[in-house]
Amino acid sequence: MSIEFSFLVNKFEINKMTVKEYMIQVGQQARAASRELARASTQDKNAALIAMANALDLARPQLLAENAKDLENGKNNGLDAALLDRLALTEARIDGMIEGLRQVAGLLDPVGEITDMAYRPSGIQIGKMRVPLGVVGIIYESRPNVTIDAASLCLKSGNATILRGGSEAYYSNQAIAKAVVEGLKVAGLPEHAVQVINTTDRAAVGELITMPDYVDVIVPRGGKGLIERISNDARVPVIKHLDGNCHTYIDDEADIEKAIKIAVNAKTRRYGVCNAMESLLVHKDVAQTVLPQLADIYAEKGVELVGCEATQALLSNVGAATEEDWYTEFMGPKLSIKIVDGMDAAIEHINKYGSHHSDAIVSQNYSKTRIFMTEVDSSSVMVNASTAFADGFEYGLGAEIGISTDKIHARGPVGLNGLTSQKYVVLGDGHTRDN
């Protein structure tokens, strides 16, 4: 059966089934595939990843054509520029997906790794073995490259995955799914190891997050409303971050040239991403030096500025920041600015208003940066670097399945290790316990 025909069959089956019946079928297929993947060799998993990369490369015209349908629908449905940017596939972004697949293939396979082996007084050896989680359900919006990131990381870590992309990227995701299925078949791995949900019915999400018999963990990627809904309604453990309200603090002992470069990059590199800076905190002793220069650059780039009273007194064309602004992930060309008395005030502000995602300090004082790293309660803390680096690809993970601001199991960009767990292994040689 050709890939194209199998997708037509899936669509026909969905029309005959209820969404609940369809999702149960998907879950059963994923559970069965997860058992096969758990014993798959690293060689076979890598072969599938390389085959996926080759299939994507050959499918460029189809990917761009299908993405054009999504972009046209998005424009007709009133998606703003930031969301359209997240949705768009370009030659460069396809290159990035292909490179991501090849990088993941080159990463060490964590599955089966045994660590912390130690002898006990009884003579037995105790250690920990890294194992897949099982079936990972991923719910995401807009960015079709997430389909490849998620598929590659779940596959390499031995997990089956169920992917439910946003309806705005439906055609793009289905086109990418064909390359994924082709790669799995080339390597002789079960084609249901990666399943892209083939319906835009929102009821599918409700079913996916309430199937603990078939799904071991859910990873939501999208807006705060989506993630809050999933966190509240899920009967399956969730790895999540609600939003990316990231901060940069410019200290009185900062290198001003570096501070300006970092503050510009953190905000304007891309607006619609979770690692973009949303609030800038500046020490009062350098505010008069650094803020006018930054304000000119932000004005050129069309960034709307709101700020505290001290910021408004220093800069023209700055609106008053509301209490809500300090909490807000703008996801667009808007920035809140606050002038603070010192690093302690900056840390207090970040821990109160931030989302525990990624926050940065710019300072040449080593002692201050150590305190900042210790006391800022975020999953990533940067020193003299842009928050834009909070990304699995940049962290050497090959790709990421999401960024977790939780403190249990996985925190920060979730790569291969974050998609595995550990179990104890006990080695003996006829040992028995007498007491």
Side-chain angles (χ1 to χ4, degrees), residues 23 26 30 63 66-67 70-71 73-74 79 82-89 93 96-97 100-101 104 133 135-155 157 159-177 179-180 194-209 215 217-231 233-234 236-244 270 272-276 329 331 357 390-393 397 399-406 410 413-415 418-419:
M23 291 304 296
V26 168
L63 292 174
E66 295 303 295
N67 183 246
D70 288 327
L71 289 172
N73 289 337
L79 291 186
L83 288 176
L84 288 171
D85 175 63
R86 290 166 71 89
L87 178 60
L89 283 180
R93 289 183 184 178
M97 290 193 292
L101 284 164
V104 173
L133 296 176
V135 176
V136 180
I138 304 171
I139 301 162
Y140 53 103
E141 298 174 339
S142 297
R143 292 167 59 188
N145 62 293
V146 174
T147 303
I148 285 296
D149 291 349
S152 63
L153 288 173
C154 287
L155 177 64
S157 57
N159 296 289
T161 184
I162 301 171
L163 304 176
R164 206 291 187 176
S167 58
E168 68 278 5
Y170 177 81
Y171 292 106
S172 303
N173 288 333
Q174 294 303 319
I176 292 169
V180 171
V194 180
Q195 297 179 82
V196 178
I197 297 302
N198 200 14
T199 175
T200 58
D201 193 322
R202 292 185 178 183
V205 174
E207 296 297 333
L208 180 61
I209 64 178
V215 181
V217 66
I218 292 288
V219 181
R221 295 185 59 162
K224 188 173 183 178
L226 169 73
I227 296 171
E228 283 182 332
R229 176 211 161 183
I230 290 169
S231 300
D233 297 346
V236 178
V238 178
I239 297 175
K240 67 183 184 301
H241 78 266
L242 289 177
D243 50 13
R270 288 181 69 185
V273 290
C274 62
N275 57 21
E329 180 185 24
M331 298 292 287
H357 189 292
D391 173 84
F393 192 90
L397 305 179
E400 69 180 40
I401 204 165
I403 294 180
S404 171
T405 54
D406 290 332
V414 179
L419 290 171

Would you say the side chain of Leu163 lies within less than 4.5 Å of the side chain of Ile197, judging by non-hydrogen atoms?
-> no

Are side-chain heavy atoms of Leu419 and Cys154 found at a separation under 4.5 Å?
-> yes

Mind checking what makes salt bridge (Lys or Arg N to Asp or Glu O under 4.0 Å) contact with Glu168, not counting sequence neighbours?
-> none

Sub-3.5 Å donor-acceptor pair from the side chain of Thr161 to the main-chain atoms of Gly137, do we have one?
-> no

With a 4.5 Å limit on heavy-atom distance, are the side chains of Val215 and Ile162 in contact?
-> yes

Heavy atoms, side chains only, cut-off 4.5 Å: are Arg270 and Asn275 in contact?
-> no

Here the pair of heavy atoms bringing Val273 nearest to Glu329 is O-OE2, 4.3 Å

Using side-chain contact (heavy atoms from CB on, under 4.5 Å) as the criterion, list what pairs up with Asn145, not counting sequence neighbours.
-> Met97, Arg143, Asp149

Where do Val205 and Arg229 land on the side chain to side chain contact (heavy atoms under 4.5 Å, CB included) test, with the steps shown first?
-> CA-CA 10 Å; Val205 174; Arg229 176 211 161 183; 3.9 Å; yes

Taking the side chain as every heavy atom from C-beta outward, state whether Thr147 and Ser172 have any pair of such atoms under 4.5 Å apart.
-> no

Would you give the length of the straight line joining atom CG of Leu89 to atom CG of Leu71, rounded to the nearest 0.5 angstrom?
-> 8.0 Å

Taking all non-hydrogen atoms of both residues into account, name the closest pair between Val26 and Gln195 and its distance.
-> O-NE2, 3.0 Å

Close side-chain approach of Ile209 and Ile139, heavy atoms under 4.5 Å | yes

Shortest non-hydrogen contact from Ala88 to Arg93?
-> O-NH1, 2.9 Å

From CA spacing to verdict: side chain to side chain donor-acceptor pair (under 3.5 Å), Ser157, Asn159 = CA-CA 6 Å; Ser157 57; Asn159 296 289; 2.8 Å; yes

Where is the tightest heavy-atom contact between Cys274 and Ile403, given as atom of each residue plus distance?
-> SG-CD1, 4.1 Å

What distance separates Arg202 CZ from Leu226 CG, expressed to the nearest 0.5 Å?
-> 9.5 Å

Side-chain (Asn67) to main-chain (Leu87) donor-acceptor, under 3.5 angstrom | yes

Residues that Glu141 engages under side-chain hydrogen bond (donor to acceptor under 3.5 Å, both in side chains), provided they are two or more places apart | none

Determine, for Asp201 against Arg164, whether the closest basic-nitrogen to carboxylate-oxygen distance falls under 4.0 angstrom.
-> no

Contact check, side chains of Val219 and Tyr140, non-hydrogen atoms, under 4.5 Å | no

Heavy-atom check, side chain of Asn198 versus side chain of Tyr170, under 4.5 Å | yes

Smallest heavy-atom separation, Ser152 atom then Leu101 atom, equals CB-CD2, 3.6 Å

Test side chain to side chain contact (heavy atoms under 4.5 Å, CB included) applied to Val414 and Leu153, step by step | CA-CA 9 Å; Val414 179; Leu153 288 173; over 6 Å; no

If you look at every heavy atom in Pro144 and Ile176, which pair is closest and at what distance?
-> O-CD1, 3.4 Å

